[in-house]
Amino acid sequence: MPTFADARALAEMTLAEHLPDRWRHVQGVAREATRLAELPGIDRDPLIQAAVLHDIGYSPIVARTGFHPLDGARFLAARGYQPRVVALVAHHSAAAVEAELRGVTGLDAHEDEASATRDALWYCDAVTGPAGETVTPDERWAGVRGRYGPGHLVTRFLDRAEPALRAAVERTDARRAANGPI
Ligand SMILES: [Fe+2]
């Protein structure tokens, strides 16, 4: 079974050269995930592995259909990653909403576990900017809308997905507040 070091090496191999900002982003997400992994009710290994792997589907080495959550998930499944890690990647940050807008099928081969661990992954993606910088979720979503522009599919996805993304962030914030500083 792959370790976090294996996962990080795979992310570096697929992203660092081709998409250096994306590589910085996933390192930022993994850093945040490592902190949140200390919270009770969060499963450390699936979270930190999914964090560093969640965007590998953008890599030209990995991309097949062009829908990065699914391409990443399939690539990982073929390499023996735990089904839980694969499913967390497949469903990260409301990917099912985007799949529906794009008319992509196949995501339902994986289950969205809708857990504290999954919320934490969505949280980490929402507080890490496109080059790994720490941002607020509102800055993150404004940045996405700004990069793609009104009417773009990604902007329409965000309009539709924002309540679910915000809910995952708020649940994670509540878990952090209940636990005290980590
Ligand atoms: Fe992503």
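When a ligand or atom number is given, it counts from 1 through the structure's own listing order. Note that this is a predicted model, so its numbers are computed, not measured.
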Would you check if the Fe ion (ligand 1) lies under 2.8 Å from any N, O or S atom of D55?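 Yes - counting backbone and side chain alike, D55 has an N, O or S atom under 2.8 Å.
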Taking both backbone and side-chain atoms into account, decide whether H54 has an N/O/S atom under 2.8 Å from the Fe ion (ligand 1). no
Contacts satisfying ring pair (Phe, Tyr, Trp, His ring centres under 6.0 Å) that involve residues 135-165 (not counting sequence neighbours) are Y148-H152
Item to complete: State, with a plain yes or no, whether a side-chain heavy atom of V89 is found less than 4.5 Å away from one of Y81.
Response: no
Sequence neighbours excluded, the answer for salt bridge (Lys or Arg N to Asp or Glu O under 4.0 Å) partners of D119 is R171, R175
Restricting to N, O or S, what is the name of the atom of H68 that lies nearest the Fe ion (ligand 1)?
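Answer by atom name: NE2.
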* **Spacing of OG1 belonging to T105 relative to CG belonging to L70, to within rounding of 0.5 Å** =>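 Going from the OG1 atom of T105 to the CG atom of L70 covers 8.0 Å.
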